[in-house]
Number of protein chains: 2
Amino acid sequence: MSDKSTRDHIVEAADQLFYHNGFEHTSFSDIADAVKISRGNFYYYFKTKDDILEAVIDVRLAKTRAMLDQWERDGRTPAERIRSFIHILITNRADIKQYGCPVGTLNAELAKLDHGSRPEAAALFMLFRNWLCKQFALLGRKRDADALAMHVLAMSQGVATLANTFQDDRFIQREVQQMDDWLALIADGEVPTSRPARVN
Amino acid sequence: MSDKSTRDHIVEAADQLFYHNGFEHTSFSDIADAVKISRGNFYYYFKTKDDILEAVIDVRLAKTRAMLDQWERDGRTPAERIRSFIHILITNRADIKQYGCPVGTLNAELAKLDHGSRPEAAALFMLFRNWLCKQFALLGRKRDADALAMHVLAMSQGVATLANTFQDDRFIQREVQQMDDWLALIADGEVPTSRPARVN
DNA sequence: TACTTATTTGGACAATCGTCCAACAGGCTA
DNA sequence: TAGCCTGTTGGACGATTGTCCAAATAAGTA
């Protein structure tokens, strides 16, 4: 039918450019230059720029699902799996320092543009939220699993935002360390529901 | 010399539009329509769009300084003052739900645009950081005051980002409650330096 | 009153945006 | 070979962008 490589190259380049420079700030010409095709060729694969965004989000959704599945196979305990999530901050710290969190910044931009693909971008967050929720439930925190998932998500977002603004690596390291310690307490059942630890 | 009201109206309208729709997505025409002046009149007060951004940031810096000074006068204890900061999330929850944090989203956008005013936007964050740092020092946490300040900033940013994405009010309420409890522990000297609480 | 300065107007400008298409190249089948 | 399908090209299009200015108006001074 169709040679998928060109379409894939477009989506791949758009994905990176949207992350690095933002969706609106990225033009057709920018993507065309990156893929080294003519500007007119886009219309053969995508009707509008918004269609490219949808394709990019779809790819990100698929990649995220694959990553979460992999973590579920690799991590022997729920705590280990949650730790895998937290440690993306370390793994991707170079990119985060330069461009922030790809999920958070995309959602923030689409909110300002009042863009039609906001729900799909939010689904990206929902993927992590539900996965984390599941892991906390397995940890025996069924009652407040979602609250804990949101808490971890919020921390990660905040750390990414500040690391980006202040261009600070060690801040990431420090906050991840704290989250690891916090997670260990949760895993040991030492933190009361929905409340911070209280010293006896 | 010059009637400042027109200039002030421009900056005021630009401030709001930049927050609601983003800097790049806001055009001269948008601002002109809001202020009800002709598009050409901008050049009398500002040479470029970037100059308007600088003016907007300057106003935000001044307003923020005034707010922090006020909190310092009102709050009788450092803990009360820090609580004032945390509770912006509640006070401004309607705007945060719709547009996110004005400081965080501006910094995120300028980072992607690789904009020249990034440092000035970061100074907006620095204002909060230094003020919080001072309050934690007064609380007797001189050694890790800045780390605690960054931690509070990060939490606030993460909460704002997720509240915006998920359009969730109660999430803000819940996280603020947790931060209040955490702050109370810090104020009572019950949380070890740079580490989460450890149950005996 | 006249003259000067301060402010505002509406449109010109070059560039860029997303969109769209007629023409063309290359490979495959008949 | 001739015809057809799949991909690709480069540029036209109307709209919009930020910038800039000559002219008109308002305000203030002599």
Side-chain angles (χ1 to χ4, degrees), chain A residues 1-58 106 109-110 112-118 120-121, chain B residues 1-58 106 109-110 112-118 120-121:
Chain A
M1 192 71 166
S2 66
D3 183 17
K4 291 193 79 180
S5 79
T6 298
R7 200 195 123 103
D8 289 349
H9 285 144
I10 293 174
V11 175
E12 193 180 349
D15 190 355
Q16 182 169 280
L17 286 166
F18 289 171
Y19 176 35
H20 290 183
N21 305 331
F23 169 68
E24 195 174 29
H25 193 58
T26 300
S27 70
F28 275 68
S29 301
D30 292 334
I31 308 175
D33 289 349
V35 188
K36 280 165 191 156
I37 59 171
S38 97
R39 248 176 34 260
N41 198 1
F42 285 103
Y43 199 68
Y44 184 75
Y45 297 99
F46 304 97
K47 274 204 267 288
T48 67
K49 192 184 178 187
D50 292 342
D51 286 348
I52 301 184
L53 176 61
E54 278 191 38
V56 166
I57 296 180
D58 285 346
L106 178 64
E109 182 179 4
L110 296 189
K112 302 236 181 230
L113 303 186
D114 200 20
H115 193 282
S117 290
R118 272 188 78 180
E120 302 174 23
Chain B
M1 192 72 168
S2 66
D3 182 18
K4 293 192 80 183
S5 80
T6 298
R7 201 195 122 103
D8 289 348
H9 284 144
I10 293 174
V11 175
E12 193 180 349
D15 189 356
Q16 180 168 282
L17 286 167
F18 289 172
Y19 176 35
H20 291 183
N21 306 331
F23 169 68
E24 194 174 28
H25 193 58
T26 299
S27 71
F28 273 69
S29 302
D30 293 333
I31 307 175
D33 290 349
V35 187
K36 281 164 189 155
I37 58 171
S38 96
R39 250 176 30 260
N41 198 2
F42 285 103
Y43 198 67
Y44 184 75
Y45 296 99
F46 303 98
K47 274 205 268 287
T48 67
K49 191 184 178 187
D50 291 343
D51 286 348
I52 301 185
L53 176 61
E54 278 191 39
V56 166
I57 295 179
D58 285 346
L106 178 64
E109 183 178 3
L110 297 188
K112 302 237 181 233
L113 303 185
D114 200 19
H115 194 281
S117 290
R118 271 187 79 181
E120 303 174 23

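Computed from a predicted structure; not experimentally measured. Chain letters run A, B, ... following the sequence lines, proteins first and then strands; every chain starts at 1.
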Output the rounded distance in Å from CD1 (I37(B)) to P (dA24(D)). 21 Å
Round to a whole Å and report the spacing from CZ of R39(A) to C1' of dC21(C). 13 Å
Report yes if a donor N or O on one partner sits less than 3.5 Å from an acceptor N or O on the other, where the partners are the side chain of S38(A) and the base of dG10(D); otherwise report no. yes
Could you tell me whether a side-chain N or O of E120(A) sits under 3.5 Å from a main-chain N or O of I57(A), the two making a donor and an acceptor? no
K49(A) NZ - dA15(D) P separation (whole Å): 20 Å
Between H25(A) and K47(A), just flag the one whose closest nucleotide in DNA chain C comes earlier from the 5' side. H25(A)
Rounded to whole angstroms, how far apart are OH on Y45(B) and C1' on dC20(D)? 17 Å
Do the side-chain N or O atoms of Y43(B) get closer than 4.0 angstrom to the phosphate oxygens (OP1, OP2) of dC20(D)? yes
For S27(B) and D30(B), test the side chains for any donor-to-acceptor distance below 3.5 angstrom and give the result as yes or no. yes
Y44(A) OH to dC5(D) C1', straight-line distance once rounded to whole Å: 8 Å
Return yes if some donor-acceptor pair links the side-chain N/O of E24(A) with the main-chain N/O of E24(B) below 3.5 Å, else return no. no
Separation of H9(A) atom NE2 from dG7(D) atom P, in whole Å? 15 Å
How about CD on E12(A), more than 12 heavy atoms from neighbouring residues, nucleotides or ligands closer than 6.0 Å, or not? no
Are OP1 or OP2 of dT8(D) and a side-chain N or O of T6(A) less than 4.0 angstrom apart? yes
As an exercise, state the distance from CG of D15(B) to CD1 of I52(B), rounded to the nearest 0.5 Å. 12.0 Å
From dC17(C), dT8(D), dG18(C), nucleotide with atom closest to S29(A) side chain: dC17(C)
Nearest-Å distance, CG (N41(B)) to C1' (dG18(D))? 16 Å
Check the distance between dG18(C)'s C1' and D30(A)'s CG and give it to me in whole angstrom. 13 Å
Base, sugar-phosphate, or nothing for S27(B), non-hydrogen atoms under 4.0 angstrom? sugar-phosphate
